[in-house]
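Treat the numbers as computed from the prediction; the structure is a model and nothing was measured. Position 1 is the first residue of the sequence, and the numbers go up from there.
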Amino acid sequence: MTSKVFQKLLLKIRKYNAQADFELIKKAFEFAAYAHQGQKRISGEDFINHPLAVADILANWKLDSVSIAAGLLHDVVEDTEVKKEEIEKIFGKEIANLVDGVTKVDKTKFFGSKEDEFAESLRKMILIMAKDMRVPVIKLADRYHNLQTLYPLSKEKQQRIAQETIDIYAPLAERLSMEKMRGELEDLAFPYIYPQEYQWVLAYSRPYFEKAGRHIKKIKQRLLEALAEEGIKAKIDDRRKHLYSLYLKLCRPEVDKNINKIYDLITLRIILNTVEECYAALRIVHKICKPFPLLGIRDWIARPKPNGYRSIHTNIFVSDGQIAEIQIRTWEMHKQAENGIIAYWHYSQQKTPRLTRGQRNVSFFAPPAELSWVKELVKWQKEITDSKEFIKYLKSDFLKSRIFVFSSQGDVYDLPEGATPIDFAYALHSQLGNEAVGARVNGTMVRLNHSLKNGDVVEIIRKKGASPSKNWLNFVVTYLAKRRIEEYFKKVGK
Ligand code: MN
């Protein structure tokens with residue numbers, strides 16, 4: 001049985017990488033199968049099925065042979081007698097370091113542990129990540145499979161793992177721009193943490209999804225025909241909004257549990273070959289369906305999000321006031337939007353085709369410049385020695401969902417949810433933060449501790465020679481703003 005699954009895995013790998021190191025992968029599988037021999041999962045199935053499933057997820061992401069081998073071996077050090085040194089002797093340093101990294105992250109219980117231990121765990125994870133981004137990616141695959149097989153565990157364990165997923169791993173996937181993974185992790189964890197709320201959203205949204213689904217089918221067909229008439233080849237996907245993210249949106253005060261105020265319950269994704277075709281598709285969409293005026297067109301191709309996200313978004317009337325979202329993008333943008341860092345590896349690989357097996361060094365998997373937050377985190381990790389404070393800023397900044405706000409010049413900035421105009425000002429420039437005396441959001445004066453929202457246009461009112469207030473430290477949520485304010489007071493000696 002097991003070997004059949006393994007043969008299937010090899011076939012899958014061969015399809016995307018005929019050059020893969022099959023010897024290595026076989027050796028890793030045999031070693032893991034031997035080490036885990038006799039071990040069972042709580043469900044009663046053989047333990048080896050779990051590392052096999054993790055390797056399969058990594059193969060779905062078309063990862064390199066070393067990652068696949070590390071996926072197969074990822075629980076060997078944690079759950080058997082095998083030591084890291086042995087892995088290193090047999091499989092080399094690279095794989096040993098990956099397994100060790102995943103093991104260390106694994107050992108860290110983020111919940112139920114004391115604050116110091118919790119902070120220590122996060123510090124470790126950050127340092128490991130800064131060296132090799134494959135560690136968090138393997139860890140996400142591990143977590144994804146664990147969540148799929150969570151049902152036989154005790155209630156307590158289910159809740160701990162699910163909560164950890166919502167608080168740490170889903171945000172981590174978001175920061176790695178692995179949007180698809182984030183949505184799936186959240187939806188798997190959701191029923192374990194909020195069972196009643198989950199049932200409520202499920203039942204409440206069902207008729208709306210069904211109704212919208214019928215109309216969307218027709219719209220999709222008409223769009224495909226209209227595109228074909230202009231000689232444009234396109235693929236159109238329709239996606240239901242993930243339930244957990246729907247639940248969070250329904251809970252927002254401005255939505256007030258009214259599903260008619262959710263404009264992206266269903267999203268049509270039009271995927272094309274070129275950027276020109278994207279704009280042609282936008283014209284065709286608006287010819288066929290009435291655009292919903294409230295949100296307008298968001299052109300993230302002309303002006304990508306800071307994390308590199310590109311796509312054109314618009315919303316259309318589906319029927320009797322029901323609204324759907326349309327996202328228009330090329331295949332490259334699509335892969336980047338769904339798989340983030342993994343798509344980045346694929347494209348870098350294609351750009352340097354001669355960098356094949358053996359020649360590719362570990363630095364290939366170091367955090368790319370686009371993920372500047374990894375460097376930022378390493379800095380925090382050094383600077384914030386107090387555990388309480390470290391956790392506070394990880395929670396309010398790094399692990400928070402991101403919003404995108406605009407300067408009055410139209411530049412876009414990425415901030416954590418709950419960020420204030422002062423956080424925004426410091427994100428632009430430290431002098432602007434120091435001299436801020438007021439703020440306008442979408443043309444209206446707001447207080448300096450006002451919570452910014454996605455899509456806000458923010459203008460900071462500045463007075464030369466003004467200075468920050470210590471009170472700001474009570475409401476800023478970004479570590480950057482806090483550090484700049486403290487630096488100011490240190491400099492003036494107060
Ligand atoms: Mn595992």
Side-chain angles (χ1 to χ4, degrees), residues 16 54 57-64 67-68 70-71 98 101-102 105 125-126 128-145 147 165-166 168-188 237 239 242 244-245 267 269 271 300-301 303-313 327-352 363-378 397-404 412-417 454:
Y16 70 83
V54 170
I57 295 165
L58 299 173
N60 289 340
W61 291 338
K62 302 191 169 85
L63 289 193
D64 63 305
S67 301
I68 305 272
L98 282 174
V102 176
V105 176
M125 185 159 94
I126 291 164
I128 292 166
M129 222 159 47
K131 281 190 211 132
D132 194 330
M133 296 301 281
R134 284 176 296 184
V135 172
V137 169
I138 295 170
K139 188 59 213 168
L140 287 175
D142 177 39
R143 178 50 57 119
Y144 183 49
H145 184 247
L147 280 170
T165 303
I166 295 283
I168 312 263
Y169 291 105
L172 179 64
E174 181 180 358
R175 299 309 296 266
L176 295 170
S177 303
M178 295 170 69
E179 267 309 307
K180 203 173 159 193
M181 180 75 329
R182 176 178 76 128
E184 289 179 18
L185 287 174
E186 284 178 346
D187 273 11
L188 283 166
D237 275 348
R239 290 288 178 94
H242 279 286
Y244 184 67
S245 105
T267 295
R269 281 195 188 130
I271 311 167
W300 300 111
I301 292 180
R303 181 183 45 203
K305 287 185 180 177
N307 65 359
Y309 177 87
R310 287 169 301 160
S311 242
I312 302 169
H313 293 192
Q327 299 177 351
I328 305 169
R329 48 173 75 151
T330 65
W331 281 102
E332 181 176 347
M333 295 169 193
H334 180 59
K335 284 177 189 152
Q336 191 187 345
E338 297 234 302
N339 295 325
I341 180 116
I342 292 163
Y344 170 84
W345 286 332
H346 293 159
Y347 281 103
S348 325
Q349 174 86 347
Q350 281 165 13
K351 270 187 239 150
T352 50
S363 67
F364 182 85
F365 295 102
E370 285 83 348
L371 296 183
S372 53
W373 55 263
V374 185
K375 256 196 199 149
E376 213 33 55
L377 275 185
V378 172
D397 191 340
F398 171 67
L399 294 169
K400 261 272 147 84
S401 226
R402 315 308 287 180
I403 56 168
F404 296 95
V412 57
Y413 293 83
D414 154 10
L415 291 167
E417 222 166 48
N454 221 358

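Across all non-hydrogen atoms, the minimal contact from Pro171 to Thr165 is CD-O, 3.9 Å. In this structure, Ala130 and Val374 approach most closely via the heavy-atom pair CA-CG1, 3.8 Å. Between Leu140 and Leu176, the shortest heavy-atom distance links the atoms CD1-CD1, 3.9 Å. Residues Arg175 and Asp397 share a closest heavy-atom pair of NH1-O, 4.3 Å. Nearest heavy atoms, Ser177 versus Asn307: OG-ND2, 3.9 Å. Nearest heavy atoms, Met178 versus Asn339: CG-O, 3.5 Å.
His313 and Trp300 have perpendicular rings, their planes meeting at more than 60° on a 0 to 90° scale where under 30° would count as parallel.
One finds the CZ atom of Phe398 at 9.5 Å from the CD atom of Glu174 (value rounded to the nearest 0.5 Å). Rounding to the nearest 0.5 Å gives a distance of 13.5 Å between CZ of Arg134 and CD1 of Ile128. Note: Ser401 OG to Leu415 CG = 12.5 Å, rounded to the nearest 0.5 Å. Here Lys335 contributes atom NZ and Thr330 contributes atom OG1; the two are 9.5 Å apart, rounded to the nearest 0.5 Å. We find the CD1-CH2 distance between Ile271 and Trp331 to be 4.5 Å, quoted to the nearest 0.5 Å. For the atom pair OH (Tyr309) and CD1 (Ile301), the distance works out to 9.0 Å, reported to the nearest 0.5 Å.
Judged purely by distance below 3.5 Å, without hydrogens or angles, the side chains of Tyr144 and Glu184 pair a donor atom with an acceptor atom.
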Derivation of the side-chain contact (heavy atoms from CB on, under 4.5 Å) call for Glu186 and Ile166
CA-CA 6 Å; Glu186 284 178 346; Ile166 295 283; 4.1 Å; yes
What do the steps show when you test Met181 against Trp61 for side-chain contact (heavy atoms from CB on, under 4.5 Å), and what is the final call?
CA-CA 11 Å; Met181 180 75 329; Trp61 291 338; 3.8 Å; yes
Can you check side-chain contact (heavy atoms from CB on, under 4.5 Å) on Gln336 and Arg329, steps first, answer last?
CA-CA 10 Å; Gln336 191 187 345; Arg329 48 173 75 151; over 6 Å; no
Stepwise side-chain contact (heavy atoms from CB on, under 4.5 Å) check, Leu185 with Arg182:
CA-CA 5 Å; Leu185 287 174; Arg182 176 178 76 128; 5.9 Å; no
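A donor-acceptor pair under 3.5 Å links the side-chain atoms of Tyr16 to the main chain of Leu63, judged by distance alone. When atom types are taken as modelled, the side chain of Asn454 and the backbone of Phe404 share a donor-acceptor pair closer than 3.5 angstrom. Within the 3.5 Å criterion, the main-chain N or O of Ile57 finds no donor-acceptor partner in the side chain of His145. A donor-acceptor contact shorter than 3.5 Å is absent between the side chain of Gln327 and the backbone of Thr267.
Within a 6.0 Å radius of NZ in Lys305, more than 12 heavy atoms belonging to other residues, nucleotides or ligands are found.
Put simply, the side chain of Phe365 does not reach to within 4.5 Å of the side chain of Val137, judged on heavy atoms. The closest side-chain heavy-atom distance from Met129 to Leu377 is below 4.5 Å. Side-chain contact between Met333 and Ser311 is absent, with no heavy atoms from C-beta onward closer than 4.5 Å. At a threshold of 4.5 Å between non-hydrogen side-chain atoms, the residues Pro368 and Ile341 count as touching.
Ion pairing between Arg239 and Glu338 holds under the 4.0 Å rule for side-chain N and carboxylate O.
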